[in-house]
Student: 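The structure that follows is given in the form of structure tokens.
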Amino acid sequence: MLWGCIELGKVLVTAAWPYINHIPHLGNLLPILSADVIARYYRLKGEETLFVSGSDEHGTPIEVEAIRQNISPKELTDRNHEIVSLLFKKWAISFDNYTRTESEVHKEFVRNVMLSLEKNGYIFVKEDELPYCERCQRFLPDRFIEGKCPYCGYERARGDQCEQCGRLLEPIKLIEPKCTVCGEKPTVKIAKHWYFDMPKFADKLLAYIEGNKRLPENARNFSLNLLKEGLRPRPITRDNKWGIPAPFAGAENKTIYVWFDAVLGYVSATIEYFKKHGDGDRWREYWFDKNARILYFIGKDNIPFHTLILPALLMATHEDYNLPWNVCTNEWLIFAGQKSSKSRRVGIWIDEALEMFPVDYWRYTLIAIRPETKDSDFTWKVFIEKVNADLNDTLGNFIHRTLKFINTYFDSAIPDPMDLDSLDKNMLSTIIEKVKAVDELLENCQLQAALREAIELSRIGNKYLNERKPWETIKLNPQVAANTLYVSAQIVKALSVILEPFIPITIRKLREILSLSEKFSWDDAYKPLPPGHKIKKAEPLFTKVRFSEEDLQSMLEKIRERTEKISYEDFSKVDIRVGRIVEAEAVPGAQNLLKLLIDVGDSLKTAVAGIAKHYRPEDLKGRYVAVVVNLRPRQVFGIESEVMILAAEDEGKIVLLEPSEPVRPGSRVR
RNA sequence: AGCGGGGUAGGGCAGCCAGGUUAGCCCGCCGGGCUCAUAACCCGGAGGUCGGAGGUUCAAAUCCUCCCCCCGCUACCA
């Protein structure tokens with residue numbers, strides 16, 4: 001194969017940038033964990049490897065979450081970035097640079113790329129008449145419009161398609177169109193946006209996709225299909241406030257669409273890494289040197305952004321950037337048959353997981369059930385099975401019985417082999433075969449199979465020990481026992497190399513017991529432990545999970561409760577009063593904000609509340625509500641918000657909390 | 001609706017692209033063995049009309065056609 005000719009090139013490993021409106025769950029972690037396995041693998045292989053990613057922190061969902069928490073988007077992402085960075089360290093993710101889209105290097109790089117796209121003639125401005133909701137003060141994507149289908153009369157046809165008859169629609173053709181958020185009839189307004197002229201790259205992209213034989217089938221077919229359907233110019237600006245300001249003349253109030261922003265982070269994170277290490281130009285070795293390989297690990301929803309949009313952006317700079325060498329995608333991890341959902345409490349989050357079990361138990365299980373060809377289902381049953389049967393019984397026990405035997409019968413020294421018979425010799429060559437097999441599988445990003453193959457080696461080891469019965473031969477013919485344990489020790493040695501990418505923390509322990517250096521390479525798997533080499537006292541590497549599935553689920557729920565519980569002192573700091581809404585008006589330029597003037601007894605206070613999609617200003621006047629009055633004031637959309645009103649949230653529905661009968665404004669709530 | 005991916009023993013998967021011995025592997029289950037080892041390990045067994053229906057072929061899980069089910073995408077909800 002062509003790729004086989006490439007020796008010792010540079011490898012850039014990247015993982016999809018987690019969107020940090022929340023802490024990631026186990027499914028979000030998959031691409032990052034997979035990338036970590038591969039990064040560790042390439043480092044062991046002696047390739048010059050760089051592993052980068054970062055927090056994706058711009059865009060609407062961040063703004064929405066910030067409003068919900070009554071803080072600024074920057075405060076939200078500052079906090080979450082810090083939390084998430086620490087969590088990735090705990091997960092032993094070996095990033096060389098984990099950065100963020102708010103980094104100055106990134107913002108400057110994105111601006112420069114945008115300007116270069118404009119200079120090269122790939123940006124054009126277009127004005128469109130788009131459906132607009134006056135009440136929500138926003139342009140409505142097709143799916144935010146509902147109405148009667150002109151073909152079949154279905155009442156709730158969406159702007160893009162009727163779910164009843166399946167026909168594709170255009171929003172303006174709907175009878176009695178409505179904004180799905182507030183129910184208002186949309187008007188048509190002119191939207192001006194800057195577009196990236198994707199179609200100009202159709203031929204080059206086709207050549208790239210067809211020429212990259214390495215792309216996994218799903219990514220490749222999907223991309224080819226999109227190309228066949230025809231590319232469309234893509235608007236690259238948004239009317240959001242939170243994001244990287246669009247550098248185009250006349251686009252002063254617009255920001256760059258987060259996807260175009262985030263996807264360029266792969267480059268800027270590399271630049272930033274070398275800047276930090278005082279080697280300013282070396283990033284170019286990864287992005288322009290044709291021997292360098294760049295691997296992307298992503299979820300299946302991300303394919304077009306990595307196979308088409310990113311390559312097109314890079315081409316559009318006219319700078320001959322390296323295009324993706326491989327794009328490894330995973331399908332979804334679901335939880336007991338359901339999709340992860342923060343609000344419905346389905347799934348496991350990466351902070352909770354580590355409170356329950358050591359990181360390698362999770363790393364092992366996640367790679368073992370990594371959804372590669374289809375979605376896979378995480379259940380506690382599967383977790384228990386993988387940890388107990390594979391990690392503990394098969395792998396852990398094989399290592400332990402081998403090392404303990406050497407402790408006990410050979411004074412902790414690797415025995416001296418003599419006159420190995422054919423079974424022993426076969427075993428030694430099996431080790432080499434297995435190491436090679438794991439190597440090839442990892443090279444092809446077949447992580448699950450590689451891990452299976454590695455565990456298989458310990459299974460073979462167990463079988464070998466049972467056949468050789470050293471506990472008998474040690475009495476009858478000690479040299480035979482010595483030979484057996486010499487061979488078994490070599491299996492352990494090989495395992496201490498090839499499993500490092502998967503379970504690095506455990507491997508550090510194992511190599512400590514084996515008195516082996518923390519620094520080692522893949523080829524060390526082929527080098528035998530020399531006779532006489534002293535090892536330390538064997539310690540079990542794993543313990544079994546002795547809990548039922550139900551126990552584990554309730555442990556998880558307890559952890560959730562604990563992290564959510566606050567002390568009485570904390571609670572008593574919150575000063576909640578009954579307030580009466582005196583005035584209410586929409587905040588200009590904001591989609592979901594109302595400015596409220598509230599009588600809290602001793603004074604009138606201003607609140608900016610994210611409830612415009614649920615309440616009309618005129619319906620609020622005179623209402624009594626619960627108000628937190630001692631929050632630090634905050635600027636929201638340029639208005640100082642002094643207090644916060646309380647509301648219940650149910651799957652996106654917002655309902656204000658009112659006293660069941662009127663009480664004097666200012667009454668304390670406790 | 002279109003497109004992509006998937007539907008193989010109770011559960012999880014490989015095999016399919018280059019059709020061909022009794023359809024493999026892991027877990028679980030049943031029976032046996034062993035005792036170095038964390039009630040660990042090893043051997044044997046039961047269990048599948050390979051989503052359904054047609055077709056091509058001497059021969060199909062594997063190729064073709066149609067249908068059913070699950071997941072994802074379809075681009076201004078990252």
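Chain letters run A, B, ... following the sequence lines, proteins first and then strands; every chain starts at 1.
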Student: Looking only at side-chain N and O atoms, does A:Asp261 offer a donor or acceptor that is under 3.5 Å from a partner on A:His106?
Tutor: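 There is such a pair (donor and acceptor under 3.5 Å, judged by atom type) between the side chains of A:His106 and A:Asp261.
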Student: Looking at B:rC34, I'd like to know if its phosphate oxygens (OP1 or OP2) sit under 4.0 Å from a side-chain N or O belonging to A:Lys469.
Tutor: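 Looking at the OP1 and OP2 atoms of B:rC34, neither is under 4.0 Å from any side-chain N or O of A:Lys469.
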Student: Looking at B:rU65, which nucleotide sits across from it as a Watson-Crick or G-U wobble partner, both distances under 3.5 angstrom, or is there none?
Tutor: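 WC or wobble partner is B:rA53.
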Student: Please give, in whole Å, the distance from B:rG12 P to A:Arg370 CZ?
Tutor: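 Whole-Å distance recorded here is 19 Å.
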Student: If we take the P atom in both B:rC67 and B:rC25, what is their distance in whole Å?
Tutor: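 To the nearest whole Å, 37 Å.
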Student: Which nucleotide, B:rC76, B:rA75, B:rG11, lies nearest any side-chain atom of A:Arg232?
Tutor: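 The listed nucleotide nearest to A:Arg232's side chain is B:rA75.
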Student: Looking at B:rU38, B:rC41, B:rC43, which one has an atom nearest to any side-chain atom of A:Asp393?
Tutor: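 Among B:rU38, B:rC41, B:rC43, the one nearest the side chain of A:Asp393 is B:rC41.
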Student: Between B:rC77 and B:rC16, how many Å separate the two C1' atoms, rounded to a whole number?
Tutor: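 So the two C1' atoms sit 38 Å from each other.
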Student: Using whole Å, report how far NZ of A:Lys537 lies from P of B:rA37.
Tutor: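 Value for this atom pair: 12 Å.
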Student: Could you give the distance separating B:rC66 and B:rU8 at their P atoms, to the nearest angstrom?
Tutor: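 B:rU8 and B:rC66 have their P atoms separated by 22 Å.
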Student: Measure CD/A:Glu467 against P/B:rC41 and give the value in whole Å, please.
Tutor: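 Value for this atom pair: 16 Å.
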Student: Between A:Tyr296 and A:Asn302, does any side-chain donor sit less than 3.5 Å from a side-chain acceptor?
Tutor: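 No.
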Student: Base, sugar-phosphate or nothing for A:Phe542? Non-hydrogen atoms, less than 4.0 Å.
Tutor: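 The residue A:Phe542 makes base contact.
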Student: Any strand is fair game: report the nucleotide pairing with B:rC73 by Watson-Crick or G-U wobble, both distances under 3.5 Å, or none.
Tutor: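 Because both required distances fall under 3.5 Å, B:rC73 counts as paired with B:rG2.
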Student: Please determine, for the side chain of A:Trp332, which listed nucleotide (B:rC71, B:rC13, B:rG33) has the closest atom?
Tutor: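 Per side-chain heavy atoms of A:Trp332, the pick is B:rC71.
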Student: Tell me which nucleotide among B:rA40, B:rA75, B:rC13 gets nearest to the side chain of A:Arg452.
Tutor: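 Nearest to the side chain of A:Arg452 among the choices is B:rC13.
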Student: Please say whether the positively charged group of A:Arg238, taken as NZ for Lys or CZ for Arg, lies over the ring of A:Tyr257, i.e. under 6.0 angstrom from the six-membered ring centre and within 45 degrees of the axis.
Tutor: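 The answer is yes; both the distance and angle limits are met.
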Student: Look at all strands and tell whether A:Ser376 reaches a base, only sugar-phosphate, or nothing, counting heavy atoms closer than 4.0 Å.
Tutor: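 It contacts sugar-phosphate atoms only.
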Student: Return the value, rounded to whole Å, for the distance between atom CG of A:Leu465 and atom P of B:rC43.
Tutor: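 Atom CG in A:Leu465 sits about 12 Å away from atom P in B:rC43.
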Student: Does A:Lys300 put a side-chain nitrogen or oxygen below 4.0 Å from OP1 or OP2 of B:rC71?
Tutor: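 No.
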Student: Taking B:rA46 as the reference, what is the distance to B:rG10 when you measure between their P atoms (whole Å, please)?
Tutor: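 Per the computed distance, 15 Å lies between those P atoms.
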Student: What is the pairing partner of B:rC41, taking Watson-Crick or G-U wobble pairs with both distances under 3.5 Å in any strand?
Tutor: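 Answer to the pairing question: B:rG33, which forms a Watson-Crick or G-U pair with B:rC41.
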Student: Suppose we define a pair by two distances each less than 3.5 Å, Watson-Crick or G-U wobble; what does B:rG10 pair with here?
Tutor: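 Paired with B:rG10, as far as the under-3.5 Å criterion goes, is B:rC27.
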Student: How close or far is atom P of B:rC76 from atom NZ of A:Lys254, stated in whole angstroms?
Tutor: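 That distance rounds to 16 Å.
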Student: Can a donor-acceptor pair be found between the side chains of A:His58 and A:Glu102 at a distance below 3.5 Å?
Tutor: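 There is such a pair (donor and acceptor under 3.5 Å, judged by atom type) between the side chains of A:His58 and A:Glu102.
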Student: Can you find an N or O donor on one side and an acceptor on the other, under 3.5 Å apart, linking the side chain of A:Asn397 with the base of B:rU38?
Tutor: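 Answer no: no donor N or O sits under 3.5 Å from an acceptor.
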Student: State whether the aromatic ring of A:Trp471 stacks on the base of B:rC36, taking stacking to mean ring centres under 5.5 Å apart and ring planes under 30° to each other.
Tutor: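 A:Trp471 ring centre within cut-off of B:rC36 base, planes near parallel; stacks.
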Student: Rounding to a whole Å, what distance do you find between A:Phe398:CZ and B:rC42:C1'?
Tutor: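 Taking atom C1' of B:rC42 as the reference, CZ of A:Phe398 is at 13 Å.
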Student: Is A:Pro470 touching bases, backbone alone, or none of the nucleic acid, heavy atoms closer than 4.0 Å?
Tutor: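 No contact at all - A:Pro470 keeps every heavy atom at 4.0 Å or more from the nucleic acid.
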Student: For the residue pair A:Asn483 and A:Gln479, confirm or rule out a side-chain donor-acceptor distance under 3.5 Å.
Tutor: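 Note: A:Asn483 and A:Gln479 side chains meet the donor-acceptor criterion.
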Student: If each of A:Tyr464 and A:Glu456 is mapped to the nucleotide of RNA chain B with the nearest heavy atom, which maps nearer the 5' terminus, i.e. the 5' end?
Tutor: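 By nearest-heavy-atom nucleotide position, the 5'-most residue is A:Glu456.
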Student: Among side-chain atoms of A:Ser55 and A:Tyr98, is any donor-acceptor pair under 3.5 angstrom?
Tutor: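 On atom types as modelled, these side chains qualify, holding a pair under 3.5 Å.
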Student: Starting at atom CG of A:Leu333, determine the distance to atom P of B:rG12, rounded to an integer number of angstrom.
Tutor: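 Checked: the CG to P distance equals 14 Å.
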Student: So, is A:Lys404 near the phosphate of B:rU38, with a side-chain N or O under 4.0 Å from OP1 or OP2?
Tutor: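 Yes.
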Student: Do A:Thr237 and A:His193 have side-chain N/O donor and acceptor atoms under 3.5 Å apart?
Tutor: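 Present: a donor and an acceptor within the cut-off.
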Student: Between B:rC64 and B:rG31, how many Å separate the two C1' atoms, rounded to a whole number?
Tutor: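 The answer is 46 Å between these two C1' atoms.
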Student: Which part of the nucleic acid does A:Asn392 contact within heavy-atom distance under 4.0 Å: base, sugar-phosphate only, or nothing?
Tutor: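 Counting heavy atoms under 4.0 Å across all strands, the contact made by A:Asn392 includes a base.
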Student: In this structure, how many angstroms lie between the P atom of B:rG12 and the CG atom of A:Leu366, rounded?
Tutor: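 Whole-Å distance recorded here is 17 Å.
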Student: Could you tell me how far B:rC17 sits from B:rA9 if I compare only their C1' atoms? Round to whole Å.
Tutor: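 B:rA9 and B:rC17 have their C1' atoms separated by 26 Å.
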Student: Toward the 5' end of RNA chain B, which comes first, A:Leu391 or A:Arg459, by nearest nucleotide?
Tutor: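 That would be A:Arg459.
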Student: If I pick the C1' atom on B:rA60 and the same atom on B:rG15, what distance separates them, to the nearest angstrom?
Tutor: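 Nearest-Å result for B:rG15 against B:rA60 at atom C1': 13 Å.
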Student: If you look at every strand shown and take non-hydrogen atoms under 4.0 Å, does A:Leu541 touch a base, only sugar-phosphate, or nothing?
Tutor: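 Contact class for A:Leu541: base.
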Student: Counting side-chain heavy atoms from C-beta on, which of B:rC41, B:rC43, B:rC76 comes nearest to A:Lys463?
Tutor: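 Nearest nucleotide to the side chain: B:rC43.
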Student: Name the closest nucleotide to the A:Arg401 side chain, picking from B:rC76, B:rA37, B:rC71.
Tutor: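 Nearest to the side-chain atoms of A:Arg401, counting from C-beta on, is B:rA37.
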Student: Taking it one step at a time, do A:Asp390 and A:Tyr364 satisfy side chain to side chain donor-acceptor pair (under 3.5 Å)?
Tutor: CA-CA 9 Å; A:Asp390 289 0; A:Tyr364 179 82; 2.7 Å; yes
Student: Given the C1' atoms of B:rC73 and B:rU65, what is the spacing between them in whole Å?
Tutor: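 That atom pair is separated by 26 Å.
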